[in-house]
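A short write-up of the structure that comes next.
Only this structure's heavy atoms are used, side chains among them; waters, hydrogens and symmetry mates stay out.
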Amino acid sequence: MLLAAMLPCIREIGPLLFPTTPNPYCVMVAQSASSYPTDKAEFYKQLNEEVAAIVDPSLPLVSNLANVSSVLYWAFHSPSISRPVNWVGFYLLSKAGTLVLGPFQGRVACTIIKLGKGVCGTSAQERRTVLVTDVHAFPGHIACDSASESEIVVPLVRPTTQQLIGVLDLDSTILNGYDELDQSGLEAIVQTLLTTVTDWTFE
């Protein structure tokens, strides 16, 4: 388990493999590869630290969002947590004023969502987190994955300019898959992302 987690942190130099200078995220991955805290507040605290460690302002936006999507998705699927999260990813606000599919983990998703439409469009338009315990009861819900039963969407709004960037979207295959603790934890992660990434250009 630990070796598998550390493989991305090893660089090939000539015919031999040598470990690179320790990367804080790689060390963190090795430490958390076996388990995450079962206490939800502690779980999100550790997850937030991992996101802060993996985000690199020098990388393109798509690279950072791809890694964050992966970190979140696999944390929920770690042995100690094992939550039925079936989709984690980002939609980004395009120049045309629509939400365009960004990096994600999960099944094939809707590619373009209008503001005000569905859970993602509502969250983006109203610039607030939308927690839906039953997506079938949400007016205008867009069923990208028929297995989804509940959903939470957190808007990405730059704190300095109040510019809407997009949304972070998570789906679950059970009703009431997310609660207020998930909301506060994910909102904290989004804030970490917003204050760490400096270039939000994607088109």
Side-chain angles (χ1 to χ4, degrees), residues 32 36-52 54-55 61-62 64-93 99-113 115 117-138 140-157 164-194 197:
S32 64
Y36 280 86
T38 54
D39 177 80
K40 191 172 287 188
E42 290 300 313
F43 166 74
Y44 277 109
K45 178 182 178 182
Q46 179 171 321
L47 199 52
N48 200 355
E49 291 173 352
E50 292 188 12
V51 168
I54 197 175
V55 171
L61 176 63
V62 66
N64 281 314
L65 297 188
N67 273 336
V68 171
S69 297
S70 180
V71 168
L72 295 180
Y73 183 87
W74 290 107
F76 285 113
H77 288 274
S78 64
S80 62
I81 304 301
S82 190
R83 290 179 61 181
V85 174
N86 60 315
W87 203 91
V88 176
F90 295 89
Y91 281 91
L92 300 172
L93 184 65
L99 293 175
V100 177
L101 180 64
F104 70 93
Q105 295 278 314
R107 292 184 177 181
V108 173
C110 302
T111 54
I112 298 177
I113 298 176
L115 294 186
K117 301 297 183 181
V119 184
C120 288
T122 299
S123 175
Q125 185 175 65
E126 300 181 3
R127 301 192 179 199
R128 65 177 179 87
T129 299
V130 179
L131 195 166
V132 181
T133 57
D134 180 357
V135 295
H136 306 292
F138 188 87
H141 171 250
I142 302 172
C144 297
D145 184 349
S146 60
S148 297
E149 297 288 341
S150 55
E151 184 174 3
I152 184 169
V153 180
V154 182
L156 280 68
V157 181
L164 176 67
I165 302 298
V167 298
L168 168 63
D169 180 25
L170 290 86
D171 287 12
S172 173
T173 57
I174 62 172
L175 297 174
N176 299 294
Y178 304 101
D179 58 21
E180 288 75 12
L181 286 176
D182 292 299
Q183 178 174 336
S184 60
L186 292 168
E187 286 175 343
I189 288 172
V190 163
Q191 287 307 307
T192 295
L193 190 58
L194 288 168
V197 174

Assess the side chains of [X] and [Y]: does a donor N or O sit below 3.5 Å from an acceptor N or O?
{"X": "N86", "Y": "T173", "answer": "no"}
{"X": "E49", "Y": "Y44", "answer": "no"}
{"X": "Q191", "Y": "E187", "answer": "no"}

- Above 12 or not: heavy atoms from other molecules or residues under 6.0 Å from NZ of K40? yes
[Y] backbone acceptor or donor facing [X] side chain under 3.5 Å:
{"X": "S82", "Y": "P79", "result": "no"}
{"X": "S80", "Y": "Y36", "result": "yes"}
{"X": "S150", "Y": "L175", "result": "no"}
{"X": "H136", "Y": "E149", "result": "no"}
{"X": "S123", "Y": "R128", "result": "yes"}
{"X": "D182", "Y": "D179", "result": "yes"}
{"X": "S69", "Y": "L65", "result": "yes"}
{"X": "Y91", "Y": "I112", "result": "no"}
{"X": "T192", "Y": "A188", "result": "yes"}
{"X": "W87", "Y": "R107", "result": "yes"}

- Query: Which of parallel (below 30°), tilted (30 to 60°) and perpendicular (above 60°) describes F43 and F76?
  - Reply: tilted
What are the two closest heavy atoms between [X] and [Y], and how far apart are they?
{"X": "H77", "Y": "V85", "answer": "NE2-O, 2.6 Å"}
{"X": "L61", "Y": "V197", "answer": "CD1-CG1, 4.1 Å"}
{"X": "L168", "Y": "L156", "answer": "N-CD1, 3.3 Å"}
{"X": "D171", "Y": "E151", "answer": "OD1-CG, 3.2 Å"}

- From CD1 (I142) to NZ (K117), nearest 0.5 Å: 8.5 Å
- Query: Measuring from E50:CD to Q46:CD, what's the distance to the nearest 0.5 Å?
  - Reply: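 Rounded to the nearest 0.5 Å, the CD-CD separation comes out at 5.0 Å.
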